[in-house]
**Q** 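Attaching a single structure in structure tokens format; questions to follow.
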Amino acid sequence: MTTPRQRNRARLLGAGSLVAATIAVALAVPAQAAGSTLQAAAAGSGRYFGTAIAGSRLNDSTYSGIANREFNMITAENEMKADATEPNQNQFNFSAGDQILNWAQSNGKRVRGHALAWYSQQPGWMQNMSGSALRSAMLNHVTQVATHYKGKIYAWDVVNEAFADGSSGARRDSNLQRTGNDWIEAAFKAARAADPNAKLCYNDYNTDNWNDAKTQAVYNMVKDFKSRGVPIDCVGFQAHFNSQSPVPSNYHTTLGNFAALGVDVQITELDIEGSGTNQANQFQGVVQACLAVARCTGITVWGVRDSDSWRASGTPLLFDNYGNKKAAYTSVLNALNAGGTTTSPDPTSTSPNPTSTSTPTPTPTTTTTPPSGNPSCTATYSEGEKWSDRFNGTVTIRANTNISSWTSYVTVNYPQRIIATWNGSPTWPSSNVMIMKPNGNGALSAGQTVSFGFTVMHGGNWTWPGVTCTAS
Ligand code: XIL
């Protein structure tokens with residue numbers, strides 16, 4: 001039986017229309033209204049978008065106004081840490097944590113709990129403890145805090161930053177580690193017993209690059225926990241990036257490999273030092289890496305405005321000191337909205353002919369709905385030649401209005417890799433994402449089109465790349 005699309009293709013080929021890049025055939029892609037806030041845009045693909053909140057800033061109306069409008073997952077930046085919640089042994093103080101929880105709940109937002117067991121920001125009495133007394137005190141802390149917030153926390157960072165940096169792949173030395181190597185699983189079991197409905201996460205930094213020893217060490221721990229039934233539901237990637245610690249090109253590989261262990265992954269403390277287009281592109285790469293992994297359930301940025309950041313001098317957030325949206329905000333919003341559109345794989349390319357001839361078999365399709373508002377463009381993907389190990393693709397950019405330039409985002413599906421391009425200037429925020437800009441002047445008048453192309457090594461995955469564009 002032939003499908004309408006196959007018949008359509010047959011007609012195109014029969015008419016000799018081998019170059020059909022300007023003909024758009026709409027796939028049955030669900031219409032997805034573009035979200036105008038980060039939380040709405042993320043919700044388009046079933047994800048959350050969160051921020052860290054400092055309770056002391058909530059009476060700043062610019063701060064709380066942005067936080068309320070843009071984010072739907074809240075992490076207390078410091079107020080649920082041990083030094084805040086148990087300042088004296090067995091005397092708990094939840095007032096600052098509760099203030100943030102109440103603000104979140106009264107505004108319809110969920111809360112990530114941060115953090116139950118950590119070598120840092122311990123109260124003085126805990127810093128001075130060791131051995132079995134510390135182990136008991138730590139477990140009591142986990143139990144009491146998780147019980148206080150029982151039923152109100154989406155996910156707890158049960159253990160934070162327990163592995164060493166560098167090439168050792170070892171646990172970080174700390175008073176907690178010296179209580180015995182099983183302190184981490186003991187903490188997870190205590191948390192599960194106290195709040196069975198919270199997702200339980202291990203959270204760390206410098207675990208973004210798949211090739212790093214620290215990443216491998218955490219991966220092996222999670223794998224071991226899953227195999228032995230230690231209760232763990234998620235892994236948090238802090239994602240504090242700067243020029244010393246840049247977004248790795250294999251980020252989606254890392255997220256995907258952890259997810260394949262049977263845990264959710266979350267980007268929990270995102271900030272990227274820098275400015276302008278470079279910063280915007282890096283934020284976009286992180287968002288696209290998350291969107292490429294089905295079990296990446298959400299992204300949290302570590303503060304609202306640059307001036308609220310723990311690394312304020314690096315201007316690492318999405319809003320400037322005055323609360324204005326930065327270029328990075330726009331790139332995140334656009335990436336989230338693009339992710340809300342499902343790109344259907346081409347049903348006809350699942351059984352490719354490995355000895356395909358050089359005759360291209362284009363089947364153009366509109367894969368993206370441009371955000372409303374001017375200026376705008378539409379990106380259309382069409383198949384090119386196919387070989388046993390690679391295929392060519394063409395993206396046609398159509399200006400819907402007069403535009404001064406365009407940027408196109410091409411997302412390939414693991415293990416695909418783009419190995420060559422033509423008619424554009426590419427950059428690579430991550431190994432599965434290419435940002436293509438025009439060679440030279442990108443101005444187009446309404447209705448005009450321009451095309452660029454690329455070659456994908458497919459590694460057995462024939463799924464079509466996702467393509468979108470933005471115009472200025
Ligand atoms: C930081 C806070 O942002 C600062 O206000 C505080 O002084 C120190 O801690 N990793 C974490 C977070 O898990 O808790 C840290 O937050 C940043 C690094």
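All ligand and atom numbering here is 1-based and tracks the order in the structure.
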**Q** Do Asp233 and Arg192 meet the salt-bridge criterion of a basic N to acidic O distance under 4.0 Å?
**A** yes
**Q** Compile the protein residues with any heavy atom at a distance under 4.0 Å from an atom of ligand 1; present them by chain, then by number.
**A** Glu77, Asn78, Lys81, His114, Trp118, Gln121, Asn160, Glu161, Gln238, His240, Glu269, Trp302, Trp310
**Q** Can you find a heavy atom in the side chain of Arg112 that is under 4.5 Å from one in the side chain of Cys201?
**A** yes
**Q** Ring centroids only, cut at 6.0 angstrom: are Phe94 and Tyr149 within range, meaning strictly under it?
**A**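 Ring-ring flag for Phe94/Tyr149: true, centres closer than 6.0 Å.
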**Q** Kindly write out the residues that satisfy salt bridge (charged side-chain N to carboxylate O under 4.0 Å, His left out) with Lys214, not counting sequence neighbours, or none if the list is empty.
**A** Asp165, Asp204
**Q** Do Phe225 and Tyr202 have ring centres separated by under 6.0 Å?
**A**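 No; Tyr202 has its ring centre 6.0 Å or more from that of Phe225.
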**Q** Can you confirm whether the side chains of Asp320 and Thr315 place a donor and an acceptor under 3.5 Å from each other?
**A**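 Thr315 and Asp320 do not have a side-chain donor-acceptor pair below 3.5 Å.
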